[in-house]
Amino acid sequence: MSDQFKRQAAERAADDVQHGMRLGIGTGSTAEFFVHALAQRVRDGLDVIGVPTSERTHQLATGLGIRLTTLDDEPELDLTVDGADELNSELSLIKGGGGALLREKIVASASRQMIVIADGSKMVKTLGRFPLPIEVVSFGLEATRLAIGKVLAELQLPQKLELRGGAGDPFLTDGGHYILDAHLKEITEVQALADRLVAIPGVVDHGLFIQLATKAYVADQDGVKTVLPI
Ligand code: 5RP
């Protein structure tokens, strides 16, 4: 069922793409529905150029005949379309479930607009039920973990941090970094947490996307809803 909703949200976003646009192309199962819908429009004659947010998306988009470039050649984009793990009514997001949060944030930040596509289960009142991905460098992992724990304690958040993939075979991002997933339950001070985390030297970035999304298409049994930030 959720696949059907993901597809509906993705197809709605593909309808918003206009001729000549420079696009950021997200990562994950919902973003993949978007890539397929976009590829159909390209086959029908739409001319766009895309910057993928992961190697996975790069492969899929190339295979489907979507013209790709890099942020070095196109540092300013018109629109990014991407999924999310959670979104709230302000269109603050948790992203990074697929491990692509850093490239996703760089690409979204380089875009004039960002459309989030999601099934209804991703919409929450308070962010935090989905574990917050924190991308960290491997050097000094334990020191970074300790520093993150202190920030969480100061903000009265649970300090449960899990190295994605486990110590024996840690997951590596496209940038060659590790991910610590923080099980926070409810993030009440989203901006404060975001600011404190990026101030830790071993933290590369985190999955909180604040004031980046300009619109969301959220699909459920009642159809596709347009959500604008309140
Ligand atoms: C990848 C992401 C994805 O957008 C997020 O995990 C949602 O994935 P899906 O569409 O498969 O539910 O942030 O880093």
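Quick caveat: nothing in here was measured; it's all calculated off a predicted structure. Read the numbers this way: they start at 1 and go in the same order the structure lists the ligands and their atoms. Any value given below was found using the heavy atoms of this structure, including those in side chains, with hydrogens, waters and symmetry copies removed.
The closest protein non-hydrogen atom to atom 10 (O) of ligand 1 is T30 OG1, 2.5 Å. The single protein non-hydrogen atom nearest to atom 6 (O) of ligand 1 is D85 OD1, 2.6 Å, given as residue, atom name and distance.
Of all atoms in ligand 1, listed by their number and element, those nearer than 4.0 Å to a heavy atom of G83 are 4 (O). In the vicinity of G96, heavy-atom distances shorter than 4.0 Å reach the ligand 1 atoms 2 (C), 13 (O), 14 (O). Atoms of ligand 1 lying under 4.0 Å from any heavy atom of S29, numbered from 1 in the order shown and given with element: 9 (P), 10 (O), 11 (O), 12 (O). Near G99, the atoms of ligand 1 lying under 4.0 angstrom from a non-hydrogen atom of the residue are 14 (O). Close contacts between ligand 1 and T27 involve ligand atoms 1 (C), 2 (C), 3 (C), 4 (O) [criterion: under 4.0 Å to a heavy atom]. Listed by number with element, the atoms of ligand 1 under 4.0 angstrom from any heavy atom of D82 are 4 (O).
With E104, R56, K122, K105 as candidates, the residue nearest to atom 1 (C) of ligand 1 on a non-hydrogen basis is E104. In the candidate list S2, A100, S54, A100 is nearest to atom 14 (O) of ligand 1, counting heavy atoms.
Ligand 1 lies nowhere less than 4.0 angstrom from a heavy atom belonging to G26.
With sequence neighbours left out, the salt bridge (charged side-chain N to carboxylate O under 4.0 Å, His left out) criterion links E32 to R56.
Under the 6.0 Å distance and 45° angle rule, K95 counts as a cation-pi partner of F209.
The closest side-chain donor-acceptor pair between Q40 and R43 falls under 3.5 angstrom. Looking only at atom types and distance, the side chain of T69 has no donor-acceptor partner in the side chain of E74 under 3.5 Å away.
A salt bridge does not link K160 with D181: none of the charged nitrogens is closer than 4.0 Å to a carboxylate oxygen. Taking a cutoff of 4.0 Å between a charged side-chain nitrogen and a carboxylate oxygen, E55 and R103 qualify as a salt bridge.
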Output a table of donor-acceptor pairs, distance under 3.5 Å, between side-chain atoms of residues 222-230 and any protein atom two or more places apart or on a different chain; print 'none' if there are none.
none

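Note: no N/O pair closer than 3.5 Å links G28 and ligand 1 by distance alone.
Just one of K122, K105, M114 meets the side chain to side chain contact (heavy atoms under 4.5 Å, CB included) condition when paired with L93; it is M114.
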